[in-house]
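Predicted model only: the values in this text are computed from it and were never measured.
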Amino acid sequence: MFDPMRAVRRLAFVFPVLLLVPQTLPAQDSPRPESLQAENEVPWIYENSDVPQDEEWLFGELDNGVRYGVRENGVPPGQVSIRVRIDAGSLYEEDDELGYAHLLEHLLFRESKYLGRAEAIPTWQRLGATFGSDTNAETSPTHTVYKLDLPDVDAQKLDESMKLISGMIREPVLSDANVRAEVPIVLAEKRERGGVGERVNERTLQTLFAGQRLAERITIGTEDSLNAANGKSVSEFYNRWYRPEKTVISVVGDLDPLLFASMIEKHFSDWKVTGPSGQAPDFGDPAAPADADPANPVGEVAVIVEPTMPRAFTFGYFRPWRQVDDTIVYNEGRLREQLALALINRRLEARARAGGSYLYAQASESKISRSTHATLVQFAPLTEDWEAGLADVRAVIADALANPPTQEEMERELAEMEVGYANMVEQRSVLAGSNYANDLVNAVDIREAIAAPETFLMVFNSMKAKTTPQNVLEQTRKLFDGSVIRAAYVTPEALDTSETAVKSALLEPVVAADNARLAAQSISFDDLPPIGTPGEVVVRVPHGIGDVERIEFANGVKALLMANSHEPGRVAVKVRFGAGLRAFDPEDAPYIDLGQVALIQSGLGELGQEELDRISTGRKMGFDFGIEEGTFTFGAQTRRQDLADQLYLFAAKLGMPRWDPNPVIRAKAARRLAYESYASSPGGVLNRDLEYYIYDENPIFRTASPEELEATTVEGFRQVWEPILSQGPVEVLIFGDFDREEAIETLSRTFGALPDRKPIPPAMLDRAIEIAPAGETVVRYHKGEANQAAAVISWPTGGGMGEIRKSRQLSILTEVFSNRLLDAMREKAGASYSPSVRLDWPTDVDSGGSITGFAQLQPKDVPVFFAEADRIARELTETPPSADELARATEPLRNYYERISSGNYFYLLELEGSTQDPRRMQALRGLINDYSQTTPEAMLALAREYFGGTAGWRMAVIPEGQQLATASARAGSAQSGR
């Protein structure tokens with residue numbers, strides 16, 4: 001039973017109809033396709049399973065073997081998500097085909113039956129789909145999936161899109177010319193992904209999966225195999241695996257699912273293939289060496305020395321993967337595994353917080369690429385004494401293997417699990433169609449069924465009722481039992497240790513920790529002290545947008561509330577306060593990043609880290625902290641029943657902060673250990689240095705060095721952050737499914753009860769954040785691969801609300817620029833895999849914005865990037881974009897904002913700050929038109945304003961020991977660098 005809570009993916013916010021009225025699609029009256037499975041027939045995905053069927057899915061199978069699932073879903077309105085899964089990934093490649101599965105993913109987008117050469121991306125953009133997010137693909141060891149999220153859909157648009165994607169899948173043009181054109185792009189992707197991190201990953205895979213196919217099948221392939229590829233060899237791989245019987249199609253969206261099934265029949269039912277079908281190879285089983293001790297079967301280990309990488313240790317227990325019948329009993333066991341690991345991870349984290357010998361540690365379980373069922377343990381030693389860290393981690397696990405958990409510990413973790421599954425049920429009506437489409441292909445990949453949220457909750461409750469300390473102990477012992485134990489240790493020091501020493505440490509007997517368990521401790525919000533005297537509401541008026549209400553308290557705190565039931569079970573809360581980055585003096589810079597990590601963990605009132613975790617048990621609460629140019633923010637997604645306590649936590653952090661030293665000490669250690677890793681790649685150097693240099697060497701943007709971190713103190717941390725928490729106006733935004741009157745009462749007891757805020761000094765508010773002027777190219781150096789570099793070019797744009805509508809038009813110009821740069825650097829030159837241009841327009845301050853282009857490439861191509869960016873900027877000032885270029889830019893923007901502008905979180909983000917600056921409210925009107933309607937003349941005028949006669953600021957990151965390649969004197973000379 002595929003569990004989306006276990007899936008590793010990024011969930012995007014999506015929203016149903018609210019204030020804007022989306023397109024109303026006509027009701028469909030589609031005939032029932034013959035390929036749909038009958039109501040009394042077991043759908044193909046539920047064969048050999050007793051998991052209750054999710055009745056909202058309709059399943060079918062074409063005569064040629066194509067299987068599919070279709071489902072209606074209106075989140076977001078007007079969108080249809082299409083997924084086509086091919087049952088072949090990198091594990092299916094022969095030795096001379098390494099990288100072919102991924103190369104084919106590229107080639108299908110290059111040219112196919114209905115799409116000419118390099119027409120796929122522009123075509124999808126004209127249909128409103130954004131390349132890279134709405135239009136994408138993925139290749140894994142076990143499958144290749146093509147993805148399309150089609151906005152603003154109707155039956156005709158769906159028909160055209162299904163035709164195009166069927167042409168890609170069924171009849172790609174796999175010519176020698178196309179292979180020669182695409183291989184450089186794949187090699188650019190390989191180069192950008194590669195370097196130290198990729199080298200560590202490959203060596204780790206080779207060790208942990210020794211003797212199995214997974215150890216030698218890196219998805220991106222090798223340079224030798226890719227350079228040897230031609231139309232014939234790639235076609236042979238395609239013909240073996242791209243076949244109807246190996247294809248699953250998932251379509252979910254805002255139309256009749258019978259129409260979806262009919263379109264699949266129309267465009268895929270006559271797909272015929274010849275030649276033999278590929279037979280899945282044996283992926284192999286994990287096996288211990290012949291001389292391993294059966295009681296402790298330690299096998300292969302590796303010590304990976306990389307001077308720029310922080311210490312990290314991984315060890316695992318590997319068992320053979322076997323196909324299972326996806327039954328309720330099986331899934332109860334899987335949930336019990338989650339419970340056992342949650343208990344261990346809670347203990348591991350508590351030990352780290354209390355000053356253990358490791359920075360972090362976590363145990364996880366996974367069925368990896370149908371190759372192994374593994375339990376992995378990962379930790380970072382706090383010092384070079386990795387053996388102490390390993391001993392500490394193993395001691396915590398040993399206690400869990402020796403003794404059953406306490407009932408109190410179990411109940412705590414079960415409560416955490418229950419809130420997750422209950423929340424899935426509560427929010428099922430607002431789950432995005434794209435997630436459902438992904439769920440189906442992912443379930444097929446792991447050979448399990450798919451289930452409704454109610455089924456997950458039912459199975460969880462069944463497991464919970466049967467769970468005892470003893471059977472959790474038994475499950476824990478199964479998790480830490482394997483055919484072989486393997487380990488990989490990454491260290492920056494060649495003399496740190498040896499593989500013999502690592503193996504010996506794993507073979508050492510381990511004594512169970514006698515202090516690993518967390519003491520029973522009941523904490524209730526009812527027992528916590530009040531924030532202060534409840535505040536008086538002095539203003540309560542409509543805010544002027546829909547049903548938004550503005551509340552003001554006598555202490556000056558202002559709140560915006562929008563209560564509705566459009567998104568059941570979801571409440572978004574955001575708190576804005578203070579001056580943001582402007583609040584810091586230059587000498588405070590090292591404390592900025594420490595605060596990002598440690599401020600919330602430092603606690604509040606009587607609650608430290610452990611108490612904050614405990615008091616939140618069984619609740620849906622959060623505590624995100626953000627530092628923006630002009631403000632600080634707290635944020636969370638919560639529920640109606642937890643809103644009052646969520647507001648208490650936020651207000652208490654401002655009104656009665658706690659200053660626990662341990663999180664600060666831990667944050668210092670983490671930042672110090674990670675610092676050298678920035679130098680391992682061009683991207684790492686940009687993460688470390690770009691903001692500092694692009695903002696004219698403003699100290700508040702400098703990444704603190706180990707020496708600067710060492711100079712910080714716990715006392716200094718408090719001296720910097722304590723006044724910030726009491727300074728400046730407070731705005732609270734609550735949007736979602738809650739009771740308005742209860743929320744106002746809670747606000748009175750929390751934020752309304754805060755003491756009067758101290759004013760922000762005018763000099764602090766006057767601090768500007770400025771982009772550096774153009775001049776000599778800033779050159780920085782990395783310690784990674786000799787063929788890796790990065791280049792950045794940037795033009796200042798300003799910021800603030802005064803010209804916010806102009807910024808939206810600039811977004812269109814930026815998209816045009818980005819499309820041209822992608823075409824120049826990727827399609828024509830093959831020099832960069834994913835060059836891009838982005839607009840940054842801060843809204844809380846009136847400066848600091850930019851249009852910035854970026855690319856990763858070879859050092860020799862840095863001047864090519866600058867020359868192409870200069871050329872594009874110049875041409876935009878001379879000739880306006882064509883109507884087609886504008887359509888490719890505006891259609892994705894229009895569809896994106898139409899999709900997100902129908903929900904609570906969108907309005908929260910657009911209205912935040914409007915209690916202080918009413919222009920934010922006014923700017924909401926006309927937003928979609930600003931992003932979707934323009935003229936060539938308007939684009940020409942903007943290009944001349946921002947690019948005309950203005951050289952872009954430039955930065956290049958190249959390997960140590962190399963000189964910056966130059967195409968002309970304009971490329972500049974290197975600055976000395978830190």
| task | Any chance you could lay out the side-chain contact (heavy atoms from CB on, under 4.5 Å) test for V377 and R394, step after step, and finish with the verdict? | result | CA-CA 9 Å; V377 182; R394 292 182 71 204; over 6 Å; no
| task | Consider only side-chain N and O atoms of T327 and D50, and report whether a donor and an acceptor are under 3.5 Å apart. | result | no
| task | List the atom of Y92, the atom of P281, and the distance in Å for their closest heavy-atom pair. | result | CD2-CD, 3.9 Å
| query | Measuring from M463:CE to M458:CE, what's the distance to the nearest 0.5 Å? | reply | 12.5 Å
| Any side-chain donor paired with an acceptor under 3.5 Å for D660 and S602? | no
| field | Rounded distance [0.5 Å steps], CZ in R217 versus OG1 in T142 | value | 14.0 Å
| message | Just so I know, are the side chains of L401 and T476 near enough to count as touching, which here means a heavy-atom distance under 4.5 Å? | response | yes
| Side chain of Y675, backbone of T703: donor and acceptor closer than 3.5 Å? | no
| remark: Closest non-hydrogen atoms of T383 and R311, given as atom of the first, atom of the second and distance, are O-CD, 3.6 Å
| task | Take atom NZ of K478 as the centre, draw a 6.0 Å sphere, and report whether it contains more than 12 heavy atoms from other residues, nucleotides or ligands. | result | no
| So, are R447 and D87 salt-bridged, with charged N and O less than 4.0 Å apart? | yes
| Do F318 and L376 come close enough that some side-chain heavy atom pair is under 4.5 Å? | yes
| request: Indicate yes or no: at least one non-hydrogen side-chain atom of P381 is less than 4.5 angstrom from one of Y358. | output: no
| task | Work out which heavy atom in N345 is nearest to a heavy atom in A363; give both atom names and the distance. | result | OD1-N, 2.7 Å
| said: Would the distance check show the side chain of R672 and the main-chain N or O of P706 forming a donor-acceptor pair, the cut-off being under 3.5 Å? | reply: no
| said: R347 and salt bridge (Lys or Arg N to Asp or Glu O under 4.0 Å): which single residue from E409, E413, E610 fits? | reply: E409
| said: On a heavy-atom basis, which atom in A398 and which in V510 lie closest, and how many Å separate them? | reply: CB-CG1, 4.0 Å
| task | With the side chain counted from C-beta on, respond yes when V393 and I397 share a heavy-atom pair under 4.5 Å apart, and no when they do not. | result | yes
| task | Check whether the side chains of S371 and Q212 place a donor and an acceptor atom closer than 3.5 Å, and report yes or no. | result | no
| query | Roughly how far, to the nearest 0.5 Å, is the CG atom of L339 from the CD atom of E416? | reply | 11.5 Å
| message | My understanding is that only residues two or more places apart in sequence, or in another chain, count here; which of them pass salt bridge (Lys or Arg N to Asp or Glu O under 4.0 Å) with E387? | response | none
| Verdict with reasoning, E710 to K668, per salt bridge (charged side-chain N to carboxylate O under 4.0 Å, His left out) | CA-CA 8 Å; E710 189 62 32; K668 284 179 60 173; 5.1 Å; no
| query | Is T455 reaching over with its side chain to a backbone N or O of A451, donor-acceptor style, under 3.5 angstrom? | reply | no
| task | State, yes or no, whether a side-chain contact exists between V664 and Q601 at a heavy-atom distance under 4.5 Å. | result | no
| query | Hey, are R614 and E611 close enough for a salt bridge, meaning a charged N less than 4.0 Å from a carboxylate O? | reply | no
| field | Salt-bridge criterion met for R191 and E785 (N-O under 4.0 Å) | value | no
| query | Under 3.5 Å, is there a donor-acceptor pair between the E332 and S462 side chains? | reply | yes
| Are the side chain of R688 and the backbone N or O of Y678 linked by a donor-acceptor pair below 3.5 Å? | no
| task | Side-chain contact test, heavy atoms from C-beta onward, threshold under 4.5 Å: evaluate it for D95 versus S225 and give yes or no. | result | no
| query | Side chain of K246, backbone of R85: donor and acceptor closer than 3.5 Å? | reply | no
| said: Could you measure the distance from the OG atom of S140 to the NE2 atom of H102? Nearest 0.5 Å is fine. | reply: 11.5 Å
| task | Look only at the side chain of S504 and the backbone of T500, and say whether a donor-acceptor pair between them is shorter than 3.5 Å. | result | yes
| note | Between E192 and Q856, the two heavy atoms sitting closest are OE2-O, 2.9 Å
| field | Under-4.0 Å salt bridge between E189 and R193 | value | yes
| task | For the pair Y100 and F237, name the ring-plane relationship: parallel under 30°, tilted 30 to 60°, perpendicular over 60°. | result | perpendicular
| field | Heavy-atom donor-acceptor pair, N227 side chain to E223 backbone, under 3.5 Å | value | yes
| task | Identify, with sequence neighbours excluded, every residue that meets ring pair (Phe, Tyr, Trp, His ring centres under 6.0 Å) alongside H782. | result | none
| message | Between S616 and D613 (side chain of the first, backbone of the second, donor and acceptor by atom type, cut-off under 3.5 Å), is there such a pair? | response | no
| Pair E676 + K783: basic N to acidic O under 4.0 Å | yes
| request: To the nearest 0.5 angstrom, please state how far the CZ atom of F480 sits from the OG1 atom of T375. | output: 6.0 Å
| task | Give the intermediate values and the outcome of salt bridge (charged side-chain N to carboxylate O under 4.0 Å, His left out) for residues R353 and E349. | result | CA-CA 6 Å; R353 288 175 176 175; E349 174 64 12; 3.0 Å; yes
| Should the ring pair F313 and F379 be called parallel, tilted or perpendicular, given that the plane angle runs from 0 to 90° and is split at 30 and 60? | parallel
| message | For a 4.5 angstrom cut-off between non-hydrogen side-chain atoms, does I304 reach E202? | response | no
| message | Testing the basics here: between M417 and F460, what is the closest heavy-atom pair and its distance to 0.1 Å? | response | CB-CE1, 3.6 Å
| field | No-hydrogen, no-angle side-chain donor-acceptor test under 3.5 Å, Y421 and N461 | value | no
| said: Is any side-chain heavy atom of I45 closer than 4.5 Å to one of L440? | reply: yes
| request: Would you tell me whether N403 and D399 have side-chain atoms, one donor and one acceptor, within less than 3.5 Å of each other? | output: yes
| note | Tested for side chain to side chain contact (heavy atoms under 4.5 Å, CB included) against P286, the lone hit among R486, E300, H373, R319 is R486
| Do the side chain of Q788 and the main chain of G194 share a donor and acceptor less than 3.5 angstrom apart? | yes
| Is the closest side-chain donor-acceptor distance between N331 and D326 under 3.5 Å? | yes
| With a 3.5 Å cut-off and no angle check, do the side chains of E493 and T491 form a donor-acceptor pair? | no
| query | Going through the distances and angles, do K503 and E508 end up as a salt bridge (charged side-chain N to carboxylate O under 4.0 Å, His left out)? | reply | CA-CA 9 Å; K503 180 172 285 192; E508 281 291 319; over 6 Å; no
| Can you tell me if T372 uses its side chain to pair, donor with acceptor, with the backbone of P320 under 3.5 Å? | no
| Should E365 and R334 be marked as a salt bridge (charged side-chain N to carboxylate O under 4.0 Å, His left out) after you check the CA-CA gap, both sets of side-chain angles, and the distance that decides it? | CA-CA 10 Å; E365 167 276 330; R334 296 285 280 161; 2.3 Å; yes
| message | Can you tell whether the side chains of E198 and K190 come within less than 4.0 Å, N to carboxylate O? | response | no
